[in-house]
Number of protein chains: 2
Amino acid sequence: MSVKNKTRYAILGVLNVSPCTGYDIKKYCDKIIAHFWNENYGHIYPVLKSLQEEGLIERVEEEIQDRKKKYAITTKGREEFLNWLKEPANYQPARSEFLLKLSFSKDLKREEIRSMILSYKEDHMKKLKDYGKMEAYIEQNQTTFDKDQRFFIHAPLRYGIISAKSVVSWCDEMLNEIDL
Amino acid sequence: MSVKNKTRYAILGVLNVSPCTGYDIKKYCDKIIAHFWNENYGHIYPVLKSLQEEGLIERVEEEIQDRKKKYAITTKGREEFLNWLKEPANYQPARSEFLLKLSFSKDLKREEIRSMILSYKEDHMKKLKDYGKMEAYIEQNQTTFDKDQRFFIHAPLRYGIISAKSVVSWCDEMLNEIDL
DNA sequence: TTCCTCATGTAATTCGTTACATGATTGC
DNA sequence: GCAATCATGTAACGAATTACATGAGGAA
């Protein structure tokens with residue numbers, strides 16, 4: 001178990017949806033789950049290799065003609081994946097560079113702090129806009145996804161929306177307070 | 001610049017408040033900023049050493065009698081720290097193990113998903129309770145902190161409260177939706 | 001023919017956590 | 001005398017990012 005980590009399960013999870021290549025996995029991360037997960041090639045390929053060595057995934061050779069390496073999850077892999085799913089999610093120690101800066105900002109000018117919060121607010125409003133687009137897309141293509149599928153795409157998205165909204169309202173509260 | 005990272009600035013930030021030891025820095029992290037930042041000894045001590053080598057901090061020998069190593073930020077260190085403060089906070093790629101699991105949970109029973117969300121809700125309600133206590137403490141000891149100080153402690157705390165509340169309401173929304 | 005996307009991988013480095021190791025001091 | 005806290009550090013490991021390296025195929 002040379003490389004054992006979160007990536008491991010992210011990969012198994014994607015392969016549990018459907019067999020695909022390392023490249024596809026990266027795309028899935030960037031397109032579908034980007035707002036709460038990220039992966040990079042430098043990690044995907046080595047983990048893919050070690051998962052195969054452990055027998056949790058296997059090569060699928062449809063047409064061996066090309067250089068693509070398509071993988072599928074094995075029974076053993078599915079078992080390990082489901083076990084992981086059922087475990088409670090690990091507590092993740094928070095690390096917000098923004099809050100760290102803010103909490104240390106006593107020596108900055110009021111105006112600098114204002115603009116710091118303002119730009120943070122804008123970032124989150126932009127996020128909100130993106131999420132809105134995604135949500136609209138899911139709504140419009142209701143027929144594409146069945147009700148179950150929709151929940152698993154929609155739920156994390158709602159999470160993003162609600163969180164971003166709460167950040168925006170926090171920003172407003174702080175911008176107000178800072179002028180007093 | 002052997003060890004250059006966030007820890008670097010977290011340490012400079014704490015030392016910019018007041019000179020202290022590595023041990024004190026750890027305590028500050030655990031007590032004051034734990035809800036949005038964490039550090040561990042294994043990282044603090046080496047970084048402390050390299051910051052000293054770079055001349056950003058220096059030893060303070062009050063009474064050399066004891067084994068304590070008290071550090072203070074230097075002018076050079078303060079300069080670098082303020083420069084960092086003024087830069088916009090780096091975008092941090094999100095990684096939520098909980099959302100990753102949820103989005104991959106299509107093969108779990110509805111009841112399992114319910115309890116997954118429920119326990120997540122409880123975690124955040126507990127957080128909320130802790131934040132409430134801290135907030136009350138600050139309110140009660142208003143005289144201890146001047147208005148400026150209060151803002152920099154209170155603002156991140158409010159952030160935590162607002163965020164946790166939004167998570168709780170998301171959980172309720174999802175628990176409701178899952179039964180439909 | 002040039003650029004973009006597809007596609008796979010390695011190496012170097014940095015970053016962060018955990019375990020290990022040690023010992024003084026303080027309060028009960 | 002014992003436990004808890006104070007106090008400092010190293011080593012090993014594991015995780016994650018970035019840079020590097022390569023090349024095919026298709027579109028403009």
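In what follows, every heavy atom counts, from backbone to side chain, and hydrogens, waters and symmetry copies are set aside. Lettering of chains follows the sequences in order, A, B, ..., and the numbering in each one begins at 1.
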**Study point:** Side chain of A:Asn5 (C-beta onward), nearest among C:dT10, D:dA15, C:dG16
**Key:** D:dA15
**Study point:** Given D:dG9, C:dC6, D:dC6, the nucleotide with the shortest approach to the side chain of B:Tyr23
**Key:** D:dC6
Point to revise | Note, B:Thr7 side chain near B:His43 side chain (heavy atom, < 4.5 Å) | key: yes
Exercise for review: Flag the pair A:Tyr159 / A:His35 as yes when at least one side-chain heavy-atom distance between them is below 4.5 Å, and no otherwise.
Suggested key: no
Round to the nearest Å and state the distance from [X] atom [atom1] to [N] atom [atom2].
X       : N      : atom1 : atom2 : answer
A:Asp30 : C:dA7  : CG    : C1'   : 14 Å
A:Lys49 : C:dG9  : NZ    : C1'   : 9 Å
A:Ile11 : D:dA16 : CD1   : C1'   : 13 Å
A:Trp37 : D:dA15 : CH2   : C1'   : 11 Å
A:Lys6  : C:dG16 : NZ    : C1'   : 12 Å
A:Tyr45 : D:dT18 : OH    : C1'   : 16 Å
A:Lys26 : C:dG9  : NZ    : P     : 16 Å
B:Tyr91 : D:dT17 : OH    : C1'   : 15 Å

Check your understanding: Is there a donor-acceptor pair under 3.5 Å between the side chain of A:Lys101 and the backbone N or O of B:Trp84?
Key -> yes
Practice item. Look only at the side chain of B:Ser105 and the backbone of B:Leu108, and say whether a donor-acceptor pair between them is shorter than 3.5 Å. Key: no
Check your understanding: Would one find a side-chain N or O of B:Lys68 under 4.0 angstrom from OP1 or OP2 of D:dA7?
Key -> yes
Check your understanding: OP1, OP2 of D:dT8 versus side-chain N and O of B:Thr21: anything below 4.0 Å?
Key -> yes
Review point. When you check every protein heavy atom under 4.0 Å of nucleotides 17-23 of chain C, what one-letter string (B, S, -) results, 5' to 3'?
Key: BB----B
Exercise for review: Kindly assign one of parallel, tilted or perpendicular to the pair B:His124 and B:Tyr120, based on the angle between their ring planes and the thresholds 30° and 60°.
Suggested key: tilted
Practice item. Report the residue (B:Lys27 or A:Thr7) whose heavy-atom-nearest nucleotide on DNA chain D is the more 5′ of the two. Key: B:Lys27
Revision key, fill the gap. B:Glu79 meets the side-chain hydrogen bond (donor to acceptor under 3.5 Å, both in side chains) criterion, sequence neighbours left out, with none
Review point. Does atom NZ of B:Lys126 have more than 12 heavy-atom neighbours, drawn from other residues, nucleotides or ligands, at distances under 6.0 Å?
Key: no
